[in-house]
Amino acid sequence: IYSYNNLIQLLLRCRCYDQAFSVAEKMAQSNCPPNIFTYNFMIVGLCKDRCFEKAYHIVADMEKRGCPPNSVTCSMMIQGLCRDNREEEAYEFLRQMVSKGLNPDVIAYSELINGLCKASKLCQARKILEEMIVRGCAPNVVTYSILLDGLYKGNRIHEADELLHFMVSQGCMPDVVTYTALIDCLCKVGNADRAFNVFEGMIEKGCIPNVVTYSTLVDGFLKIGNTKQACFLFQKMLDVGCMPNVVTYTSAIDGFCKAGEIGLASQALESLNQAGICPDVITYSTLIDFLCKMNRTDKAYHFFLQMIEQGHAPDVVTYTALIDGFRKVDDVDKVHTLLQAMVRSGCTPDVVTYNILVDMLCKTNRIQQAYEIVQDMSTRGHFPDVITYSTLIDSLCKMYRTDEARDLFLQMMEQGHDPD
RNA sequence: CCGAGAAGGGUGCGAU
């Protein structure tokens, strides 16, 4: 059975589903029938490739063949469905499992809560928390941290505070992830100083910050322009033997660049290389964006070619940063070349890319073409946001076409976008 | 021999 299961896992990793299925079929007919691990391996593979119909089929098969799904099966299905933005279906699946007498465990519930939180369905997520408690499944620190992070990111700080007290009252102590989520929340609202207090508080309580905690704080301080404190934390993490990773370095490079501390930025880039850490697509995009903003599109393009050489595929953000750079130096040809290259490489322009094109057309007095782009983006499923509208409105106002501007303003509100 | 949580990059307007 071990050999069979290993083989199946290997086949699934190579996406050879048919072969994996036929091995499982052979097992079923041999004197070595598939066990729960065999089935769960198959389900995790299928979910990763969004083949949910096949996965459902296996779950049904398991019941028929006397090897009913367990809570691992359940949580993997929920995870897969949630990653495909099918939270409702995930919940339905969980309910079905419950009705068949299977008690989902804390991980299955946490998966569902995580999926709902990531989809900003916080009220539903809270309901699941209550539901699991009613069913006698105690949430753990992971469950609470998921919900807390969701509430923080949804700016529901007060609710989060209450939940934090509740979790502690249930004897569940915050861990490094719980603290880091809170620290990130404070940093994101520009309050890195309070985040730092939380950081000191967690140490006092014996909770050791890790590389994510430090990276969060370094980024938080850089985002409010406190280079000094960011450097202090960077040094502190080295002192305590916590090694910065590609995220820490990239965050530092971005922050230093934006603060105009070019010396520090190149130092960080050098340290990254010396530490033998591989820059990733975000590191490259950060550098490319900075160079573009300095009007050094030539250098930016050089990094763009270099990243491809190094085997890092540029993504929509990389292309968009470059496109923005080239249009700001009025290199319209390059903008079009890049757009084509982007689409050819399988990168779909998103609302930010479109907004740049809209702005480019507006600023060259081609409002009509800008409107056409907005039409086009909508048909491709990218709907204009408050920035698209502001770009058009600004340009119309500057041309004294205030009636049109007002119409757009009203249209924007009708579409549910509050003016910022 | 199988499953869960936290950190980094791109777009508009803005005083003289």
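In what follows, chains carry the letters A, B, and so on, assigned in the order in which the sequence lines appear, proteins first and then strands, with residues in each chain numbered from 1.
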Base, sugar-phosphate, or nothing: which does [X] touch, judged by heavy atoms less than 4.0 Å apart?
| X | value |
| --- | --- |
| A:Asp219 | sugar-phosphate |
| A:Val351 | nothing |
| A:Ser251 | sugar-phosphate |
| A:Asp280 | base |
| A:Ser75 | base |

>> Go through it in stages, so that I can follow the logic: the residues are A:Phe232 and A:Phe221, the test is ring-ring contact (aromatic ring centres under 6.0 Å, His included), and I'd like the CA-CA distance, side-chain angles, deciding distance and then a yes or no.
In response: CA-CA 10 Å; A:Phe232 167 77; A:Phe221 277 111; 9.0 Å; no
> Which residues in residues 174-188 of chain A have at least one heavy atom lying under 4.0 Å from any atom of RNA chain B?
Replying inline: A:Asp175, A:Val177, A:Thr178, A:Thr180, A:Ala181, A:Asp184, A:Lys188
> side chain to side chain donor-acceptor pair (under 3.5 Å): which pairs involve residues 185-196 of chain A, sequence neighbours left out?
Replying inline: A:Asp184-A:Lys188
>> What's the separation between atom CD in A:Glu261 and atom OG1 in A:Thr227, rounded to the nearest 0.5 Å?
In response: 5.0 Å
> Okay, side chain of A:His57, backbone of A:Phe52: is any donor-acceptor separation there less than 3.5 Å?
Replying inline: no
>> Below 4.0 Å from chain A heavy atoms, what is the first contacting nucleotide of RNA chain B and what is the last?
In response: B:C1 to B:G14
> On the ring face of A:Tyr301, is A:Lys334 found with NZ or CZ under 6.0 Å from the centre and within 45° of the axis?
Replying inline: yes
> So, are A:Asp403 and A:Arg401 salt-bridged, with charged N and O less than 4.0 Å apart?
Replying inline: no
